[in-house]
Amino acid sequence: MIETKLYDLETDPFEASIAEAGKVIARGGIVVFPTETVYGLGADAMDEGAVAKIFEAKGRPGDNPLIVHVSDLAQVETLVKAVPEKAKRLAEAFWPGPLTLIMARSDRVPDRVTAGLSTVAVRYPSHPAARALIDAAGTPIAAPSANISGRPSPTKSTHVLEDMIGKVDAILIDADTEVGLESTVMDMTSEPPTMLRPGGITAGQIEAVIGKINLSPNITQNVIPEKAKSPGMKYKHYAPKGAMVIARGSDNEKAAKITSAIKGLPPDARPAILATDETMGLYRRGLIVSLGSRDDPESMSHNLFARLREFDAMGVTHIFAEEIAMSDATMALNNRMYKAAGYTFI
Ligand code: TXA
Ligand code: MG
């Protein structure tokens, strides 16, 4: 256990809190901070020893590389060999924002950050506190999501406190994160560029700027990838404690499948149903929870990880989620739901 300093950005003086947290990073400490996607757990990206502490606090496998966060474009130049033309166009369109670009790395980036890969993932977040922290630290910040490895990413300060108190030097407490799912990860070293992880920026938005992209097989094939380009893809992610399955078919078919599965559970099971505003009324058994309205994919995305953590807190043993119709706007949401369910469908 280490002593964790808490700074509440909504009530404590903002500048002073950021300045203190920036010093912690500059001295080789680790700090949880809000971003527009999910909370991150940051360290000085150029300090191997500091970065090692992130892996330890999260229990993250060392072969899963980190995203390096910057607060201006000049910092990007120090991290990469060159910024490819299409990366420049994406940066101009979507930075600062929920997009991560993978490029050939410069020799200055420690191996610990990239897990020895020849590439580095770079993101310029839009959240004011994230940008101010990077400025205050005076260095790019390497940061994964601030959850214990394997748990749903933190979108509320309560999630961060649950997972990280006693493991990190400081936590910047803030409002719920806006997007609620992690950034989109684009590999800019392939031609056409390849989406490795769908996220806050959609494939449609990206193609509108740079034309055709590839989708990594781990996005298009609904199976656990054996050998994935993005090393993080091979780990079970976003997993709630309860066994989760996704029901497919028409609304009535989904409801019938879920209802009959729940009937077959032992009496001590605590089943929950993750439905939508439009379909909640189709159920009579189990804890019935809405992810949000189908007309509002952004809010369903915003809610997902918090719902999964609520199920954990309530001791839910079985989660039955309705499949959400696939579209450009729901690709990231579906990807996280499939992963949370370990690609188990009924
Ligand atoms: O929204 C986000 O991206 C959040 C916030 C904190 O910025 N961060 C985040 O980091 O989600 P993390 O570590 O949970 O996910 C990073 C993903 C992993 O799947 C990792 O394997 C992949 O990016 N990644 C990082 N560097 C890579 C590289 N050089 N090549 C391929 N994949 C890489
Ligand atoms: Mg993560």
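Each ligand, and each atom within it, is numbered from 1 in the order the structure gives.
- Within a 6.0 Å sphere centred on CD of E92, other residues, nucleotides and ligands contribute 12 heavy atoms or fewer.
- Relative orientation of the F345 and Y338 rings is perpendicular, given thresholds of 30° and 60° on the angle between their planes.
- Below 3.5 Å of separation, one finds no N or O of T100 facing any N or O of ligand 1.
- At under 3.5 Å, not a single nitrogen or oxygen of K58, backbone or side chain, sits near a nitrogen or oxygen of ligand 1.
- Near P144, with a cut-off below 4.0 Å to any heavy atom, the atoms of ligand 1 are 6 (C), 10 (O), 12 (P), 13 (O).
- A donor-acceptor contact shorter than 3.5 Å links the side chain of Y39 to the backbone of D174.
- Contacts of T119 with ligand 1, taken as heavy-atom pairs under 4.0 Å, involve both backbone and side chain.
- Ligand 1 has at least one atom lying under 4.0 Å from a heavy atom of R60.
- Close approach of ligand 1 to A121 (heavy-atom distance below 4.0 Å) involves ligand atoms 25 (C), 26 (N), 27 (C).
- For the residues M186, R197, H127, the heavy atom positioned nearest atom 17 (C) of ligand 1 is part of R197.
- Residue I102 has at least one heavy-atom neighbour below 4.0 Å for each of these atoms of ligand 1: 27 (C), 28 (C), 30 (N), 31 (C), 32 (N), 33 (C).
- Per-residue contacts place S145 under 4.0 angstrom from the following atoms of ligand 1 (heavy atoms of the residue considered): 8 (N), 9 (C), 10 (O), 12 (P), 14 (O).
- Contact annotation: for R123 versus ligand 1, heavy atoms closer than 4.0 Å belong to the side chain alone.
- Ligand 1 places these atoms under 4.0 Å from at least one heavy atom of T37: 1 (O), 2 (C), 4 (C), 5 (C).
- In terms of polar-atom proximity, N64 is counted as a contact of ligand 1, with an N or O under 3.5 Å from an N or O of the ligand.
- No more than 12 heavy atoms of other residues, nucleotides or ligands lie within 6.0 Å of CZ in R108, so this atom counts as exposed by the packing criterion.
- In this structure, T114 falls outside the shell of residues with a heavy atom less than 4.0 angstrom from ligand 1.
- Shortest non-hydrogen contact noted between I30 and A43 is CG2-CB, 3.8 Å.
- Short contacts between ligand 1 and L117, defined as distances under 4.0 Å to a heavy atom of the residue, involve ligand atoms 28 (C), 29 (N), 30 (N).
- Put simply, the side chain of S145 never gets that close to the backbone of N147: no donor and acceptor are under 3.5 Å apart.
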Trace of the salt bridge (Lys or Arg N to Asp or Glu O under 4.0 Å) decision for R27 with D169: CA-CA 11 Å; R27 286 195 215 110; D169 298 295; over 6 Å; no
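- Listed by number with element, the atoms of ligand 1 under 4.0 Å from a non-hydrogen atom of E182 are 1 (O), 2 (C), 11 (O).
- In terms of hydrophobic clustering, with Ile, Leu, Val, Met, Phe, Trp and Tyr side chains grouped at heavy-atom distances under 4.5 Å, F311 and M244 are assigned to a common cluster.
- For R307 (side chain) and S290 (main-chain N/O), a donor-acceptor pair under 3.5 Å exists by modelled atom type.
- Coordination check, S153 versus the Mg ion (ligand 2): failed, since every N/O/S atom of the residue sits at 2.8 Å or beyond.
- Pairs passing the ring pair (Phe, Tyr, Trp, His ring centres under 6.0 Å) check and including a residue from residues 284-306, sequence neighbours excluded, read Y238-F305.
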